[in-house]
Enquirer: 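First the structure, then my questions, so here it is.
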Amino acid sequence: MTKPLLAVWKFASCDGCQLSLLDLEDELLAITENIHIANFLEASREVIAGPYDLSLVEGSVTTAHDAERIVEIREQSDFLVTIGACATSGGIQALRNWADVDEFTSLVYATPEYISTLDTSTGIAEHVTVDFELRGCPIDKGQLLELVAAFLHRRQPNIPTYSVCVECKRRGTPCVMVAHGTPCLGPVTQAGCGAICPAYNRGCYGCFGPMELPNTEALSAWWRTLGADDRALVDAYRGFNAWADEFRHAGNVAAERADGVNDE
Amino acid sequence: MEHVLSIAGLDRLLAHLAADGFRVVGPTMREGTIVYGDVSSAADLPGGWGDEHEPGHYRLRARDDDALFGFAVGPHSWKQYLHPPTLEVLTIASLSGEPVLIEPDPPAPMAFIGVRACDISAIAVQDNVFMGGAFVDRHYATRREPTFVVAANCTDPGGTCFCVSMSTGPGAAGGFDIALTEVLEPAHHFIAWSGTDRGAAVLEALDTTEATAAQVDAARRRVAMAAESMGRQLDTDGLPEVIARNREHPRWDAVAERCLACANCTMVCPTCFCSTFEETTDLADNSVRVRRWDSCFNDEFSYMHGGPVRESTAGRYRQWLTHKLSSWWDQFGQSGCVGCGRCITWCPVGIDITAEAAAVRAEEVAGV
Amino acid sequence: MSDDGNGTREIRVDYLARVEGEGRLYARVRDGELEDVEFGIFEPPRFFEAFLRGRPFTDAPDITARICGICPVAYQMSSVHAMERARRAVVDGELRTLRRLLYCGEWLESHGLHVYMLHAPDFLGYESAVHMAADHREVVEQGLRLKRAGNAIVTLLGGREVHPINVRVGGFYRAPTMHELQTLVPELEWARDAAAETARWTAQLPMPDIEIDYDFVSLRHPDEYPFNEGRIVSTSGLDIAAEEWPEHFVEEHKERSNALHAYFRSGGMFKVGPLARFALNADRLTPLAANVVAELGLSMPCRNPFQSIVVRSIEMVFAAEEALRIISEYKRPPESFVPIEPGPGVGSAATEAPRGLLWHRYELDEAGRIAEARIVPPTSQNQAVIESDVRRVLGEHLHLDDEALTWRLEQTIRNYDPCISCATHFLKVEIDRA
Amino acid sequence: MAIAADAGTVGAMVPTLVEVVDVRQDLPDTVSFDLQMPEPFEFEPGQFTMLYAPGIGEAPISISGDPANHDVITHTVRAVGKVSQALCRLRPGDRVGVRGPYGVPWPVRVAEGGDVVLMAGGIGLAPLRPVLYHLLHHRGRYESVVLLYGARSPIDLLYNQELRAWRSRYDCEVEVTVDHGGADWHGPVGVVTKLLGRAPFDGPATTAMVCGPEIMMRFSARDLIKQEVASDRVYMSMERNMQCGVGWCGHCQFGPKILCRDGPVLPYPAIEELLTVNEI
Ligand SMILES: Cc1cc2nc3c(=O)[nH]c(=O)nc-3n(C[C@H](O)[C@H](O)[C@H](O)COP(=O)(O)OP(=O)(O)OC[C@H]3O[C@@H](n4cnc5c(N)ncnc54)[C@H](O)[C@@H]3O)c2cc1C
Ligand code: SF4
Ligand code: SF4
Ligand code: SF4
């Protein structure tokens, strides 16, 4: 049997998600025995032409050229999986979606005329059909391994969509919101990371994006009782998954309230 | 016979159990909470610390005495040991060849130190689920059967406790090998008695003195006082029926506005037993079946092809409350709630099961 | 690649492999003379400095980490130090030491990745470490294990290997227990020895014999091989504090090169990274690392860019040794961070990312929100010198056929372990005017 | 670690691996397969097993074959998700894991001496087929035997050949309807309850067993009762997410019922009210 071909693609991103593949130190060689890394520039200068059986796409679409490139990649990919918050919801760079990009450009670049970029940073699914999403900023390498193993065995990967709290409790971490009064996004955020932040005494900051049924309104209300103001809520929701529907909405609601109250 | 056990005697008890081959676990302090962990002497226990419980709120509180069990309950429950949150239940080695099914060995026997009366009831509830029916869960049973239970009667209940309403506490009526009541005055000691022969044998070996009637009485009074200071109450009179006939109550939608569907209540609940099975193949030719705690608040919990049966938070909250207070009776002939108060304290937004049940009762839907 | 028959050769590598991020190389040679070289970066811009504005100062370590998934710790370190300076807070004792430990982890991980997975295949003629594993499985496994040893530190101390969550302005959210750190020891002891072996192994790899007269720039600390602290020094005699960086360096926008390049204000380019640190701080290496240097008879300073693979290996020895020392002396601090109130201020800091000096500067408003941010990563500082190396190597290897020459040029760039993702937030995007 | 093969020490969750001996593609998305049991396997009509597709997972599947056959057991699976799809890919010689049988069976004893009406929708015929086999094996114990079966369209008819064979028998009445007929469909078109009107049974003396989509079962029960079948003589087989089959996972709760233990077959009065509640 010929090995299936794997391609790893990069759009606007930090490379952290694709690095997770190389961070599978114990499994990397076993993976390459089961799947042929046909196109993965961060790891190999060998490039085998498509079509590919499995494409992992990292990064968000921020240029007109990338918007075209993703369509070509989709055409060459049998099964296309987005890896990470950038690819899934635009990533941290989606904060530009609220801003005047020309102003952003001039803030950062000496010669803004030479910068050609779209006004928005968007997830891959806004451009092409995506077969599966791995959440996280960065993705969890265990979930990545599960995805690859499931792909090879033709089964559905075990990727839960419930809240971070479930993993937090399985891990035995006392709730930081209840026990310390620390605001935590865990109850509205999808599990997958293993509930790391509460285990380190900090609130979850939402890098796996919204869970399946997030009640951001109720959580925001409770954060306020813990002393978080609307600005803090805006900052919290406008993080690494700022452009994901439910967080975007929650951030906008808080922003409107903040503007109303602060009257800047 | 009741014994007087000194603090040194407690140390001897723990050492004795360890020497008998038990892994000894009990309350310890971690990150501002009292949670279970391995203990080897009284010094590992949260001496001088109490706890403060309100809906969605928990804080440690320094006591003005040295009580070792001067708190109510923490976020952990004993189910984490008897029904572990994540457990590899089966390995299927070499899938494509001649598959071999391998079950894990049970862990070393455990001794639980400081089990509250409500938690003894909770353990009994789970015993019923996993061992009381036609099929016995061997993962549970091999943990549960050898477990040595040292109860500690409650003398300082928390603001979310309602064991009296559920008739499960604050004193343990049975289900223990040894029971302790902590007495702080005049000298710090425990009144101890056994509930099983092996408990009696251990106590005999500890070099204790026999308690006088007055000492026993003083200890009883402390537990009786605890019964007077419950943080909460639940009117259980006809409650299973009330809940069962109010499946269409507006309160379910009202609570769904506040509920995060985050599943914390079910995770901290000492009786919630639900789990999911995940089959994970590795890159070699093996498959591992993992059992993980699951919750009726999760979308996939009620999933059937096409979508979840319980799509809304209202439906999920109703399932939780109804199961705890009503349908558990139909299924297992007892209450699924023991009144420990954990779900109230550890709900990140402070939803209170006693308040929700009372609200449903107060405004029963007419004509159902 | 082409030869138009008129003696013009074009070397074009559209997607540079085994570098972090997306870059390209273009070179044109006419009549045996080098006409044009361009090391371009077409990674799209992500505007970090812009959207940092208005965020609370405490957000900087988490947000700037996302500039680079390969060296997030470096971003977290430079940002927390800059913020602490802005707020005039001092973080020392065990907290400072834990930061060094975290950096040890990142260096081990990043250098392990680069030496074995990205760079070594060039010397042995493999397309990738995976190809290399077919013939040298133990070598690749050793590399992966070294990398994992570094990741183990970052994961324990930081919570996960990429974008650790435990770093905060003022210290950590949670300090590890002594017992937890002890669990790292056996693997680190192995890693220290394996890194020494790695140095010996890399030293005998076939490599071009080239000496380039670089002006090296790195941090220098009175007692330590530098991670988080020290003055910025250079072979040409510079010796300044981090906040003086803008007075001595300038970033130029060179239109044809598609990027901002950093130069000395006085003119002239410089080089940051392992070779620079080694050149300026070899006397601060830990004992075993120093022994290995002596044993290998490495020239000091080392001016052969291809030998960076050896120097990275030596830095791995150092990182493992230093980590072991820190763990053996560790006492869990009573508080995991120094509380810092929000408020105004200006602060800059430079720390040593695996790839070289990483400089941050922030201005905070009255509410402690970021009013202005400036970030200069190592790869942008090395831009100019990378292009210059490419010219030089090209000039000396014109006899090679296109295939071999291309590979050699790629290798020249990979000598720098360039992290393009880092660089892009200020790099200009290519505009296709065709 | 214990090799989970020694009888007696095996946990209730450990499947027995058995060989697939025959596979029949019933419909484009539905497959029946026979499993060779290493030891005689007894089950009652309506019971199910947990079938394990190695490396993929388990699913509850009703036994669809003849309860008199203790050596080879049959299941019929519709491919809808990860496990069922894997089961539908099975080939003779492959192995699957089996646990069971589990669950409360159809009341074939209760029904003795009277008429029996079986009503099936779609794949719901699979759990009812063992009942029909049983009734036909013990034909003398029952009065009329009626099977009413509805499918989406003629090509969705399960066990089509067998249906024809049953129809040609004189000792049972088999009626089939489809939601959408076609040019060459000459039978009834419409919902299965429409068949009730002309089916030969005596309501008060009838036991009815219904299996199909929830909505179909509700309407069937309503119409059966209209035809004077006692409501406690109407039984239906319920379906919920089921992970363990032995009462420990909690998923298959249907209000006060734990379906793998108290069901899947339940008398209508026990669930009548629950069937009207959303999200139960
Ligand atoms: C008592 C009983 C008898 C059944 N008999 C048959 C039968 O004879 N033939 C047949 O084709 N189907 C039958 N089903 C339905 C069958 O079990 C589901 O179609 C199957 O579980 C879907 O699993 P999957 O992994 O293919 O689907 P996925 O959609 O991938 O489901 C994922 C998981 O959800 C659960 N799940 C999803 N749908 C159902 C469901 N309908 N019922 C129970 N759990 C579900 C399972 O745990 C499954 O593993 C029966 C169900 C029950 C409860
Ligand atoms: S999702 Fe986060 S970790 Fe992944 S590429 Fe984007 S910024 Fe990096
Ligand atoms: S700490 Fe956060 S993730 Fe954990 S239970 Fe509490 S709210 Fe949920
Ligand atoms: S309340 Fe929910 S999670 Fe708890 S036992 Fe009942 S169904 Fe399971």
Side-chain angles (χ1 to χ4, degrees), chain A residues 10-20 22-23 25-26 28-29 32 37 40-47 62-63 65-66 91-93 95-96 99 101 103-105 107-111 114-117 121 137-138 140-141 193-194 196-197 199-202 205 207 231-232 235 239-240, chain C residues 15-22 43-51 53 55-56 59 62-63 66-70 72 113 117-118 127-131 133 137 140-141 144-145 147-148 151 159-163 165-166 168 172-174 253 255 260 336 410 419 421 425-426 428-429 431-432:
Chain A
K10 180 185 157 64
F11 288 78
S13 69
C14 80
D15 288 31
C17 288
Q18 36 175 331
L19 179 67
S20 300
L22 301 178
D23 277 345
E25 290 107 359
D26 293 331
L28 185 64
L29 293 179
T32 62
I37 298 186
F40 181 13
L41 282 170
E42 186 169 307
S44 177
R45 60 194 298 276
E46 181 192 52
V47 175
T62 58
T63 65
H65 172 241
D66 277 353
I92 185 76
Q93 58 272 19
L95 291 178
R96 75 164 71 172
V101 169
E103 192 191 316
F104 262 35
T105 313
L107 275 175
V108 183
Y109 297 93
T111 326
Y114 294 125
I115 301 302
S116 107
T117 176
S121 165
C137 181
D140 174 78
K141 66 177 187 175
C193 65
I196 308 170
C197 287
Y200 282 75
N201 277 337
R202 75 179 286 193
Y205 59 87
C207 56
R231 259 324 264 286
D235 291 335
F240 305 102
Chain C
Y15 287 85
L16 273 168
R18 282 189 273 125
V19 298
E20 292 96 5
E22 309 220 304
E43 178 96 16
R46 289 165 75 214
F47 301 111
F48 276 84
E49 285 97 331
F51 60 64
R53 292 190 169 198
R55 303 289 297 205
D59 276 1
D62 290 326
I63 293 183
R66 267 67 179 188
I67 293 174
C68 175
I70 322 289
L113 172 73
M117 310 297 292
L118 310 181
E127 307 268 1
S128 76
V130 173
H131 294 85
R137 196 178 171 103
V140 176
E141 278 173 350
L144 286 167
R145 190 169 161 193
K147 181 169 143 24
R148 191 185 61 184
N151 266 339
R160 61 180 168 202
E161 43 284 86
V162 179
H163 304 330
I165 53 86
N166 194 19
R168 63 182 289 168
F172 292 87
Y173 288 92
R174 178 183 180 277
H253 188 170
E255 196 185 332
L260 290 178
S336 65
E410 285 182 44
C419 181
S421 319
H425 63 282
F426 63 90
K428 174 175 165 305
V429 186
I431 307 161
D432 195 348

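To find a chain, count down the sequence lines: A is the first, B the second, and so on, and within it residues start at 1.
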Enquirer: Could you state the interatomic distance from CD1 (C:I67) to CD (A:Q93), rounded to the nearest 0.5 Å?
Expert: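 Rounded to the nearest 0.5 Å, the CD1-CD separation comes to 11.0 Å.
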Enquirer: For C:R55, check salt bridge (charged side-chain N to carboxylate O under 4.0 Å, His left out) against everything at least two apart and list the hits.
Expert: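 Counting only residues at least two positions away or on another chain, C:R55 forms a salt bridge (charged side-chain N to carboxylate O under 4.0 Å, His left out) with C:D59.
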Enquirer: Of the non-hydrogen atoms in A:Y200 and C:Y173, which two are nearest, and what is the gap between them?
Expert: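 Closest pair (atom of A:Y200, atom of C:Y173, distance): O-CB, 3.0 Å.
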Enquirer: Could I get the full list of salt bridge (charged side-chain N to carboxylate O under 4.0 Å, His left out) partners for C:R148, not counting sequence neighbours?
Expert: A:D26, C:E187
Enquirer: Can you tell if the side chain of A:C14 reaches within under 4.5 Å of the side chain of C:H163, non-hydrogen atoms only?
Expert: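 Counting from C-beta outward, A:C14 and C:H163 do come under 4.5 Å.
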Enquirer: Taking the side chain as everything from C-beta on, heavy atoms only, tell me whether A:C207 gets closer than 4.5 Å to C:R160.
Expert: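 Yes. Closest side-chain heavy atoms under 4.5 Å.
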Enquirer: Would a 4.5 Å heavy-atom cut-off, applied to side chains only, mark A:N201 and C:S336 as touching?
Expert: no
Enquirer: As a quick check of understanding, evaluate side chain to side chain contact (heavy atoms under 4.5 Å, CB included) for A:I92 and C:F48, giving each step before the final call.
Expert: CA-CA 9 Å; A:I92 185 76; C:F48 276 84; 3.7 Å; yes
Enquirer: Quick one: is the NZ or CZ of C:R66 closer than 6.0 Å to the six-membered ring centre of A:F240, and within 45° of its axis?
Expert: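 Judged by the rule (NZ or CZ under 6.0 Å from the ring centre, within 45° of its axis), C:R66 counts as positioned above A:F240.
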Enquirer: Heavy-atom pairs under 4.5 Å with chain A - which of C:D62, C:I63, C:V130 has more of them than the others?
Expert: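 Heavy-atom pair counts peak at C:D62.
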Enquirer: Are any side-chain N or O atoms of A:R202 and backbone N or O atoms of C:I165, one a donor and one an acceptor, separated by less than 3.5 Å?
Expert: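 Yes, the answer is positive, given that a donor and an acceptor are paired below the 3.5 Å cut-off.
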Enquirer: Could you please spell out the steps behind the side chain to side chain contact (heavy atoms under 4.5 Å, CB included) verdict for C:E161 and A:S20?
Expert: CA-CA 9 Å; C:E161 43 284 86; A:S20 300; over 6 Å; no
Enquirer: Provide the closest heavy-atom pair for A:L29 versus C:A133 in the form atom of the first, atom of the second, distance.
Expert: CD2-CB, 3.8 Å
Enquirer: Is there a side-chain contact between A:L19 and C:L113, using heavy atoms and a 4.5 Å cut-off?
Expert: yes
Enquirer: Please flag which part of A:I196 lies under 4.5 Å from any non-hydrogen atom of chain C: side chain, backbone, both or neither.
Expert: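 When you check distances to chain C, atoms from both the backbone and side chain of A:I196 fall under 4.5 Å.
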Enquirer: If you take all heavy atoms of C:L144 and A:E25, which pair is closest and at what distance?
Expert: O-CG, 3.3 Å
Enquirer: Are C:M117 and A:L28 close enough that some pair of their side-chain heavy atoms sits under 4.5 Å apart?
Expert: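 Yes; the side chains approach each other to less than 4.5 Å.
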Enquirer: Run the numbers on A:E46 and C:S128 for side chain to side chain contact (heavy atoms under 4.5 Å, CB included), then give the verdict.
Expert: CA-CA 7 Å; A:E46 181 192 52; C:S128 76; over 6 Å; no
